[in-house]
Amino acid sequence: MSMNRQRVVLITGANGEVGHGLIKTLRQQPDCPGILVLDLRNLDAEMMPYVDGSIAGDILNEELLDNLSSEYEITAIYHLAALLSTHSEFRPEVAHRVNVRGTINLLKVAIEQAQFQGAPVKFIFPSSVAVFGMPNLSVKASVPPVREDEHLNPITMYGANKLYCEHLGRYYTHHYRQLAANVAPSGVDFRGVRFPGLISATTMPSGGTSDYAPEMIHAAAQGKPYECFVRPDTTMPFMAMPDGIRALIELADAPREALTRTVYNLTAFSLSAAQVAERVQRAFPASDIRYVPSAGRQNIVDSWPADMDDSAARADWGWQPVYDADKAFDDYLVPTIRAKYRRREA
Ligand code: SER
């Protein structure tokens, strides 16, 4: 092993919404490590000043990952690359390859790195509310916020992939090669969060099913009409993007011994589509929002719980969202989105 390999954290899917926010937030930290990013596309030009290395490539390309693993000392992996829930339904087998095989490939990088370094390598994994599957709307409406181990019957390929990858994380962290004699633990320190729908003021999601909320807000700010693809009563949990980014970093920083689970529910506020629209209308009175439910996407959100119980994250590593619904709209989404499109018009 070369003695002067650059020490970095690796971020996959770096060009996505979470990736952009994570890179900028990590970079502001006083003890910021080197940041190496990997994405299918070259990292967006405006993000380049924030990173120490950028690779355009596929997480399914094992040779590329082998080379990367021999060139860098990777101390933590934020594995963000995935096909989201709506995209995954169009090409379920491709989604399975990217979401599951891609995750195993990165777990293998983590094992190899941990063995080189003789130290655990943290593997931070965004899972999703999509791992849950409510059997019908009356159960969805009547259950209390779901806990981590309840209603795990996802109806999407994406949800099934994320749930399985959570199990892989637990396996690689605690049970890897358990029958082989004298084999040390893998060294993978997997930590997952189940995000609700994330709403960013600066970027747009692509291929998710919670996208109606951010799409509604961004359309209104640009004076464009919006056809919402779910019914007004459709309710699910959401979170402002800065809280989501902070959650990943705080979970990565939490002492291992404080963690009682490999994956934690997280949420900030639950709203119906009509409640999102009301807030949008208040901020942008000219907004023109109509409801044109699409059966397939409606069915997916109907299968997701209206709320998640995140008390385990609160108890174990002090999770606490900064942005409730009022703060998310009044202090973050509305002013930032307004400024974003005003700047464009200027
Ligand atoms: N926002 C994601 C999606 O809609 C859920 O994790 O697919």
Side-chain angles (χ1 to χ4, degrees), residues 12-13 15-22 78-92 94-96 98-100 102-103 124-134 140 146 148 151-166 169 192-218 228-230 234-245 247-248 263-273 276 293-294 296-308 310 313 321 328 333:
T12 70
N15 257 334
E17 289 199 283
V18 177
H20 276 200
L22 179 64
Y78 290 84
H79 177 42
L80 312 180
L83 289 189
L84 291 182
S85 55
T86 292
H87 264 171
S88 295
E89 289 313 300
F90 286 110
R91 300 167 78 203
V94 174
H96 186 278
V98 173
N99 294 348
V100 175
T103 299
I124 310 303
F125 184 72
S127 184
S128 164
V129 64
V131 299
F132 296 109
M134 310 309 292
K140 171 167 172 160
V146 293
E148 276 85 353
H151 295 291
L152 295 173
N153 296 299
I155 66 161
T156 59
M157 178 55 96
Y158 172 75
N161 294 163
K162 287 287 185 186
L163 183 57
Y164 179 60
C165 288
E166 293 176 1
V193 290
R194 289 186 187 145
F195 278 137
L198 292 171
I199 312 181
S200 167
T202 52
T203 54
M204 292 293 289
S206 72
T209 319
S210 57
D211 297 6
Y212 60 91
E215 284 173 0
M216 217 185 261
I217 311 169
H218 284 261
C228 178
F229 57 79
V230 294
T234 309
T235 302
M236 65 168 290
F238 290 102
M239 181 181 288
M241 187 61 84
D243 271 340
I245 304 297
L248 292 176
V263 65
Y264 290 88
N265 285 355
L266 287 190
T267 189
F269 52 89
S270 283
L271 291 177
S272 67
V276 175
S294 117
R297 294 178 104 184
Q298 178 72 61
N299 206 34
I300 291 175
V301 188
D302 283 347
S303 80
W304 293 349
D307 200 359
M308 283 190 279
D310 61 3
L333 292 168

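Remember, it's a predicted structure, so these values are computed and weren't measured experimentally. We count ligands from 1, going down the list as the structure has it; atoms in each ligand are counted the same way. Positions are given from 1 along the sequence.
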As an exercise, identify every atom of ligand 1 less than 4.0 angstrom from a heavy atom of S128. 5 (C), 6 (O)
Apply side-chain hydrogen bond (donor to acceptor under 3.5 Å, both in side chains) to S270 and T235, showing your working. CA-CA 7 Å; S270 283; T235 302; over 6 Å; no
For ligand 1, is there an N or O atom under 3.5 Å from any N or O atom of D211? no
Which ligand 1 atoms, with their elements, are less than 4.0 angstrom from a heavy-atom of Y158? 5 (C), 6 (O), 7 (O)
When rounded to the nearest 0.5 angstrom, what is the spacing between OG1 in T209 and CE in M236? 8.5 Å
Qualifying residue, where the test is side chain to side chain contact (heavy atoms under 4.5 Å, CB included) with F132 and the options are I155, N153, L163, V146: V146
Considering only heavy atoms, does W304 approach ligand 1 within less than 4.0 Å through its side chain, its backbone, both, or neither? side chain
For T209, is at least one N or O under 3.5 Å away from an N or O on ligand 1? yes
Side chain, backbone, both or neither: which applies to S210 and ligand 1 if a contact is any heavy-atom pair less than 4.0 Å apart? both
Specify the closest pair of heavy atoms between P321 and A268, including all atoms of both residues, with the distance to one decimal. CB-CB, 3.8 Å
Below 4.0 Å from any atom of ligand 1, is there a heavy atom belonging to F195? no
Partner of R194 under side chain to side chain donor-acceptor pair (under 3.5 Å), picked from D310, N265, T267, is N265
For ligand 1, which atoms have a heavy atom of L84 less than 4.0 angstrom away? 7 (O)
Check each atom of ligand 1 against the heavy atoms of S85 and keep those under 4.0 Å away; list them by number with element. 3 (C), 4 (O), 7 (O)
Can you measure from OG1 (T234) to CG (L271) and round to the nearest 0.5 angstrom? 12.5 Å
Rounded to the nearest 0.5 Å, how far apart are NE2 of H96 and CG of N161? 5.5 Å
